[in-house]
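These notes concern the structure reproduced below.
In what follows, every heavy atom counts, from backbone to side chain, and hydrogens, waters and symmetry copies are set aside. First listed ligand is number 1; within each ligand, the first listed atom is number 1.
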Amino acid sequence: MNMKPRLNRRNAILMGGFLLGAYLLLMIIVTNAGQNRLKESQLNELNLNVTIYSESIGYFFETASKEIREVSQHKTTYTFFANLASGMSMQYGLGSSLLQLRRNLIRHTTPNQHLHENAKFDRMLLVGFNSNIIADSNPKIPFDIDSIPFQTMQTIDHKIDIVAKDGHITIRALQNVYLNGELVGIVVGDIKTTAIINLLTTQEYQLSNSRLSLSTDAGSLPIWDTFDSSASYRSNTLYFNKKVANTPFNIHAWFAPISESQIITSTWFTIALSFLAVPVIFGLYYSLRINNTNLVLTTKIEETHSQQAVLTRQNHRLKTEIDRRKMFEKELAYQASHDILTGLSNRKSGDEKLKHALLQAKRDDVNVLVMFIDLDDFKQINDTLGHLAGDKLLVQTAKRLRQSVRKTDVVARIGGDEFLLVIPNLDSEKEAQTLASKLLTIFEQPFQLNGSQFFISTSIGMSIYPQDGKTTEELMAHADIAMYRVKKEGRNGFSFYEASMNTDVQRSLDIDARLRQAINDNKLEIYYQPIIDLESKKITGAEALMRWWDDKLGFVPPDEFIPIAERNGLIHKLGHMALHTACHQAQQWQAIQPLSIAVNFSAAQFRQQDSLIETILTALSNSGLDANLLDIEITESLLFNNNIETVQILEEIKRIGAHFSIDDFGTGYSALSYLQKFPFSKLKIDRSFLQDMETNPSSQELVNAIIAMAKALGLKVVAEGVETQWDQNYLKTQHCEFSQGYYYSKALSKEDFEALLLQHNPNVT
Ligand code: C2E
Ligand code: CA
Ligand code: CA
């Protein structure tokens, strides 16, 4: 990631150096070429200039010649020669024509004021062909007549002549004068050299380093020489030689070559530029180095940055991780202190809060209320409607509890369907009572579960600090005991802890411990209560009921130890014993009279379904009892275990041939659908309905209704708790099939029952 820009920058600098080098090289080539081209063009230009000079001079001489010719043909010249030829004397006319002639000559050597033109001639003369001077514009200066090439002029009409004398050059234009075709004289014009010089020096090169001269074989006329004598370029001057047309002249021109100092693209300049490039290259080199250093720095900075970024990221991650952990810890702490389902404090947290409340109460010398709230028959809801519905019920319960107490009060879920309420700063027992009543009423409202309304009641047990205990353990245990008291007394109520309750607890602990021993010692017996056919008034069956006389506890009723056995698991052993004993006994009694045997089965026994059928089959086969004579009594609570397995096992037992009786009918939920779904043969009306039947018409109606319903379902009805003849008669009128109760007999030992049977069957010995 960091390598790319480094390479790019280094490359950029190298590229820059390379380009600069290439640029310099190109510049040298271009400047050289340019110099050559420049020299070439200078040559061309100079050549052109020299040509122009030569043409100018040519033109100058042409006009000079023309002027001389005009003089030669001028009327004054003609007049003079004509007068001379006519022999006119000087005094008479010749003198004046000569004067005229001379005036004309002078005119050509003086500046023309009208034309603002300098004269081309210094001196103009008319020379007779016989070698005398006829007229002279400037007679004061002696004229060497011998300098006139008469000989030559005889052959030519016109001539530019150079006369060199004493190192002085005179340029002279000669023009023959003819009179009537005869050569009579020559007009001689000495050219004004300054005119030539002026003509040429008006050209642009006069000031440059140059030298120009007009030359003939006879000598040369310097026009200008502006050469710097000290200059070293003299040796390699540019020389031009040009013939001036129609004249004897050659123009010689020398020019200084284009000065190296004058042209900006000179070698020196290039070299200077190259030298200039040196610091640039050095600069580049240094910038490369600096850049490299920078790059190292940059790289380091980038690295630092990236490290920082990494660190930041790591920090961020660390922070996230810490946050996550904090959250997790919080969650754990929450989970550790809260019940996830209801959001209430859990048992541990409830304990701690109670402990805290107790500490405060001790300091402030106030009371604390500890309340145990247990839902009645919650297990049935759970079993019937499923755990999800059970959970919903718990959540709704928690909400209702929380809403009915103050914020400072503690509400905790301490078990499946057990809640703890702690009211710190309790004013009086009355306040506790009011609160408990209020809590019972909030459960009078139905719960919405799976779209239907359900009612559930609660049992509330309470203990108060400091009177019922000083520690959380004591107070909780006592509230629990009080709650169990409520359960025992029919649920849906509340109770304060009383010291006497403690003995109850002790008793159940004792029962628990001693029952195990009693089972091992075979201390439990089965008693039999006859079941009478209301039609024939004969004993047609017996219900096997468990009896236990303990050495220490005395008689323990099955209502007391069966629930304990259900809790501690001893029920299986008890049930096994009851079934085997009852079957065996019933089989024995078949010899006296045909008799069916009803055996109570706890719902808990159906939780070991695999071994249940095995147990029944073994009991039947061991005793030899016909399965048809076995009545299995189960309560509605089992039916709440509304799962497919329960139905299957009941069907299976039914297939063996045994029968089912629904026991204690009317006390539970008494749902008709259960009766239809399960394969029952008999329905046993709970004894509580019989209790006030004689005096309470509504109880009668209820019994009537149950009998009618049972009939509709094809079930035989057994009425339990028949204690009076009235009961018996009433049931008979209602077409109840069987009857069971103290009116006939209590549960009897096998001996007593056998005696009873024999009493009813006197023929059997
Ligand atoms: P349950 O099955 O309803 O048994 C009938 C109970 O009613 C028996 O009480 C019986 O003595 C009593 N009873 C019978 N006739 C009358 C009457 O005219 N008036 C009054 N007031 N009571 C009458 P018990 O023997 O105390 O049994 C109580 C419960 O214990 C039974 O009620 C049954 O649910 C349970 N139980 C008894 N033995 C067994 C057993 O072997 N296995 C299981 N699982 N439960 C048993
Ligand atoms: Ca029963
Ligand atoms: Ca019963």
Side-chain angles (χ1 to χ4, degrees), residues 488 511 515 518-519 523-532 539 541-549 554-586 596-608 612 615-616 619 630-638 659-668 680-694 717-728 730-731 736 738-750 752-753 756:
K488 211 170 166 187
I511 289 169
L515 184 60
I519 292 167
K523 288 275 181 69
L524 285 114
E525 290 174 69
I526 300 297
Y527 270 48
Y528 304 91
Q529 188 177 33
I531 296 168
I532 312 296
I539 300 170
E543 179 178 2
L545 294 163
M546 216 168 271
R547 293 290 177 263
W548 176 31
W549 280 272
F555 178 73
V556 184
D559 276 336
E560 197 174 1
F561 70 80
I562 294 282
I564 292 170
E566 280 173 345
R567 283 207 291 271
N568 65 19
L570 290 173
I571 190 67
H572 299 288
K573 278 188 175 175
L574 288 177
H576 192 268
M577 185 274 281
L579 180 65
H580 275 264
T581 310
C583 286
H584 180 76
Q585 205 51 63
S596 68
I597 184 82
V599 181
N600 291 286
F601 270 66
S602 204
Q605 288 174 269
F606 280 85
R607 279 176 218 140
Q608 288 189 353
L612 188 64
T615 304
I616 293 166
L630 177 63
D631 264 323
I632 294 171
E633 294 192 4
I634 51 172
T635 57
E636 281 177 288
S637 64
L638 172 71
H659 299 279
F660 285 106
S661 299
I662 174 100
D663 205 356
D664 301 342
F665 189 82
T667 55
F680 290 110
S681 306
K682 287 183 191 133
L683 181 151
K684 294 183 87 170
I685 303 174
D686 191 70
R687 60 182 182 265
S688 59
F689 293 103
L690 275 287
Q691 265 169 11
D692 60 349
M693 193 170 63
E694 197 177 341
V717 180
V718 182
E720 282 187 321
V722 176
E723 294 182 354
T724 64
Q725 195 178 1
W726 189 95
D727 291 342
Q728 180 194 259
Y730 183 78
L731 291 164
C736 174
F738 303 102
S739 180
Q740 182 185 352
Y742 293 167
Y743 177 66
Y744 309 102
S745 171
K746 288 189 174 185
L748 301 168
S749 68
K750 64 171 182 182
D752 289 348
F753 189 82
L756 184 70

I need the contact type for [X] against ligand 1. Using non-hydrogen atoms and a strict under-4.0 Å cut-off, is it side chain, backbone, both or neither?
X: Ala747; answer: neither
X: Val722; answer: backbone
X: Lys684; answer: neither
X: Asp663; answer: side chain
X: Gln740; answer: neither

N/O/S atom of [X] inside 3.0 Å of the Ca ion (ligand 2), strictly under:
X: Asn600; answer: yes
X: Asp664; answer: no
X: Glu543; answer: yes

Distance-only side-chain donor-acceptor flag, Gln529 / Tyr744, under 3.5 Å | no
Looking only at side chains, do Ser661 and Asp663 share a donor and an acceptor under 3.5 Å apart?
->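 The criterion, which ignores hydrogens and geometry beyond distance, is not satisfied for Asp663 and Ser661.
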Atom indices of ligand 1 within 4.0 angstrom of [X] heavy atoms, with elements:
X: Glu543; answer: 1 (P), 2 (O), 4 (O)
X: Asp664; answer: 3 (O)
X: Arg687; answer: 3 (O), 5 (C), 6 (C), 7 (O), 12 (C), 20 (C), 22 (N), 23 (C)

What angle, to the nearest 10°, do the atoms OE1 (Glu633) and OD2 (Asp663) form about the Ca ion (ligand 2)?
->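 Once rounded, the angle between the two atoms at the Ca ion (ligand 2) is 80°.
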Quick one: is the NZ or CZ of Lys746 closer than 6.0 Å to the six-membered ring centre of Tyr742, and within 45° of its axis?
-> yes
Of the listed options (Thr581, Asn600, Asp559), which comes nearest to atom 44 (N) of ligand 1 when hydrogens are ignored and any heavy atom counts?
-> Asn600
Would you check whether Gly721 reaches within less than 4.0 Å of ligand 1, judged by its heavy atoms?
-> yes
Under 3.5 Å, is there a donor-acceptor pair between the side chain of Asp752 and the main chain of Leu748?
->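 No.
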